[in-house]
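Per chain, numbering begins at 1; letters A, B, ... match sequence-line order. The model shown is predicted, which means the values in this text are computed figures rather than measured ones. No hydrogens, no waters, no symmetry mates; every other heavy atom, side chains included, goes into these values.
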Number of protein chains: 2
Amino acid sequence: MFRGFTTLSVDSKGRMAIPSRYRERLMELADGALVLTLNPLDHSLWLYPLTEWELIEAKLAALSDFDRQSRRAKQMMRGYACDCQLDSQGRILLPVELRDYASIGKQVVILGQGNKFELWDETCWKQQRDEWLQEVGNDNGQPSDTLKTLSL
Amino acid sequence: MFRGFTTLSVDSKGRMAIPSRYRERLMELADGALVLTLNPLDHSLWLYPLTEWELIEAKLAALSDFDRQSRRAKQMMRGYACDCQLDSQGRILLPVELRDYASIGKQVVILGQGNKFELWDETCWKQQRDEWLQEVGNDNGQPSDTLKTLSL
DNA sequence: GGGAATTGTGGGTAAATGTGGGTAATCAGA
DNA sequence: TCTGATTACCCACATTTACCCACAATTCCC
């Protein structure tokens with residue numbers, strides 16, 4: 001499973017290097033084939049190895065078209081899913097639309113998140129992180145029922 | 001299966017290029033034969049490879065004429081279904097009636113959606129997308145029960 | 001601490017792709 | 001049968017993308 005944090009830069013062509021410690025695993029899993037899509041819950045991107053994405057796609061395909069929320073989730077996640085391939089330098093190309101969606105500028109943060117990675121614009125990530133930390137610290141944000149019983 | 005997002009332009013003759021990464025698959029599946037029809041759930045269009053459409057047509061044929069919603073779905077989807085063929089440049093011609101239904105102007109968005117593609121006017125799509133993202137972000141729109149248990 | 005290998009970054013070039021428009025063939029209506 | 005409109009095919013251009021090589025920075029090892 002993927003974990004950890006890296007800051008990377010996006011070059012003028014919109015390319016981003018994948019940290020080398022993940023590359024071997026990515027080659028094993030799907031020969032470097034990746035799927036990048038938007039994270040509809042935050043303004044960030046999700047990056048799956050192709051094999052992991054196929055599981056997600058199956059879950060999405062099972063959702064009904066007649067439930068509006070489900071339909072939108074399918075449209076967004078599948079619609080924006082983009083096939084990427086590690087190039088010979090271990091980089092991937094981030095399509096303009098996805099960069100825009102996540103306001104990705106020159107510096108990117110990549111977070112290992114289990115079966116996938118999460119990509120944030122560096123500035124956005126810092127804001128988000130600080131906001132969330134403050135919420136938790138303040139006890140304003142009531143934890144949801146599931147979290148109330150969670151021991152870490 | 002199809003996924004991904006592309007912005008394309010419709011030329012003065014009403015033609016639209018199919019992104020090249022899909023063309024080979026489309027030739028394999030049905031020799032470039034496609035069926036374009038309206039999406040009765042949104043004001044957009046659905047584009048099926050002929051072989052996939054035939055499955056849909058069978059499903060539609062099985063729906064009862066005495067259920068009003070089913071009857072309408074049959075009428076609309078079958079009635080507006082239009083045969084298209086990839087031309088030598090990998091383009092298809094969008095009939096005027098369907099372009100009107102989806103308010104398709106100069107710029108079109110094509111979304112891969114599993115067994116089919118979804119075609120939107122670019123402006124309409126952006127509106128749709130932003131509305132939905134806001135709903136999800138605000139936590140107002142309660143996720144439907146299926147979504148509540150969905151881990152991505 | 002110094003040298004070598006690995007990793008991250010930048011950019012040039014050639015091929016592929018998307019776009020536009022001219023011209024010939026086809027079709028429908030009068 | 002003639003005429004006008006629509007559709008299919010062809011060629012040409014501009015942009016984008018993929019592939020390649022090169023350098024800078026970092027890490028690792030002796």
Side-chain angles (χ1 to χ4, degrees), chain A residues 2 4-28 31-36 47 50 80-100 104-112 117 119-122, chain B residues 2-27 30-36 47 50 80-100 104-112 117 119-122 125:
Chain A
F2 304 113
F5 174 98
T6 321
T7 307
L8 293 160
S9 62
V10 179
D11 69 20
S12 57
K13 297 182 183 175
R15 293 174 303 186
M16 185 194 82
I18 300 295
S20 67
R21 70 195 130 111
Y22 302 129
R23 287 183 201 162
E24 198 180 342
R25 170 87 63 83
L26 292 175
M27 292 307 289
E28 277 171 26
D31 219 35
L34 297 164
V35 174
L36 182 69
L47 181 67
L50 180 57
Y80 278 96
C82 157
D83 284 283
C84 300
Q85 182 68 37
L86 283 182
D87 72 10
S88 51
Q89 269 72 7
R91 292 181 286 196
I92 58 170
L93 182 69
L94 307 178
V96 184
E97 296 84 15
L98 291 176
R99 265 184 281 156
D100 287 349
I104 285 179
K106 240 191 111 18
Q107 290 301 111
V108 176
V109 167
I110 179 168
L111 304 170
F117 299 96
L119 270 59
W120 289 78
D121 175 74
E122 192 182 22
Chain B
F2 304 114
R3 57 173 160 268
F5 173 99
T6 320
T7 307
L8 293 161
S9 59
V10 179
D11 69 19
S12 55
K13 300 179 186 177
R15 294 174 303 185
M16 185 194 82
I18 299 295
S20 68
R21 62 177 185 274
Y22 303 128
R23 288 182 202 161
E24 199 180 341
R25 171 86 62 83
L26 292 175
M27 292 307 288
D31 219 35
L34 297 163
V35 174
L36 182 69
L47 181 67
L50 180 57
Y80 279 95
C82 156
D83 284 283
C84 300
Q85 181 68 35
L86 282 182
D87 74 9
S88 51
Q89 268 70 9
R91 291 183 283 199
I92 58 169
L93 183 69
L94 307 177
V96 183
E97 297 83 24
L98 291 176
R99 263 184 280 158
D100 287 349
I104 285 178
K106 237 191 114 18
Q107 291 301 112
V108 176
V109 167
I110 178 168
L111 303 170
F117 298 97
L119 271 58
W120 289 77
D121 175 73
E122 192 182 24
W125 167 250

Check this for me, if you would: do A/D11 and A/R91 make a salt bridge, where the nitrogen-to-carboxylate-oxygen distance has to be below 4.0 angstrom?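 Between A/R91 and A/D11 there is a salt bridge, with a charged N closer than 4.0 Å to a carboxylate O.
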Take atom [atom1] of [X] and atom [atom2] of [N], then tell me their distance rounded to the nearest Å.
X	N	atom1	atom2	value
B/D11	D/dT7	CG	P	12 Å
B/L94	D/dT6	CG	P	16 Å
A/E97	D/dT16	CD	C1'	13 Å
B/K106	C/dT19	NZ	P	8 Å
B/M16	C/dG20	CE	C1'	16 Å
A/D87	D/dC21	CG	P	13 Å
A/R91	D/dC21	CZ	C1'	11 Å
B/L93	C/dT26	CG	P	17 Å

Which is true for A/I18 with a 4.0 Å heavy-atom rule: it touches a base, it touches only sugar-phosphate, or it touches nothing? sugar-phosphate
Contacts of B/T7 and A/T6 projected onto DNA chain C by closest heavy atom; the upstream (5') one is A/T6
Would you say [N] has OP1 or OP2 under 4.0 Å from some side-chain N or O of [X]?
X	N	answer
A/S9	C/dT9	yes
A/S20	C/dT6	no
A/R23	C/dG8	yes

Test log, rule side-chain contact (heavy atoms from CB on, under 4.5 Å), inputs A/L34 and A/L50: CA-CA 5 Å; A/L34 297 164; A/L50 180 57; over 6 Å; no
Go nucleotide by nucleotide along DNA chain D from the 5' end; which of B/K13 and B/Q89 gets its closest nucleotide reached first? B/K13
side-chain contact (heavy atoms from CB on, under 4.5 Å) between B/R21 and B/T6: does it pass, once the steps are laid out? CA-CA 11 Å; B/R21 62 177 185 274; B/T6 320; 3.2 Å; yes
For B/G105, is there any backbone N or O sitting under 3.5 Å from a side-chain donor or acceptor partner on B/E122? no
Counting only distance, no hydrogens or angles, is the base of C/dG18 paired donor-acceptor with the side chain of B/R21 under 3.5 Å? no
Aromatic plane relationship, B/F117 with B/F2 - under 30° parallel, 30 to 60° tilted, over 60° perpendicular: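 Ring orientation, 0 to 90° scale: tilted.
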Among the candidates D/dA8, C/dT19, D/dC21, find the nucleotide nearest to the side-chain atoms of B/L8.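 For the B/L8 side chain, the nearest candidate turns out to be C/dT19.
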Of the listed nucleotides C/dT19, D/dC20, C/dG8, the one nearest the side chain of A/R15: D/dC20
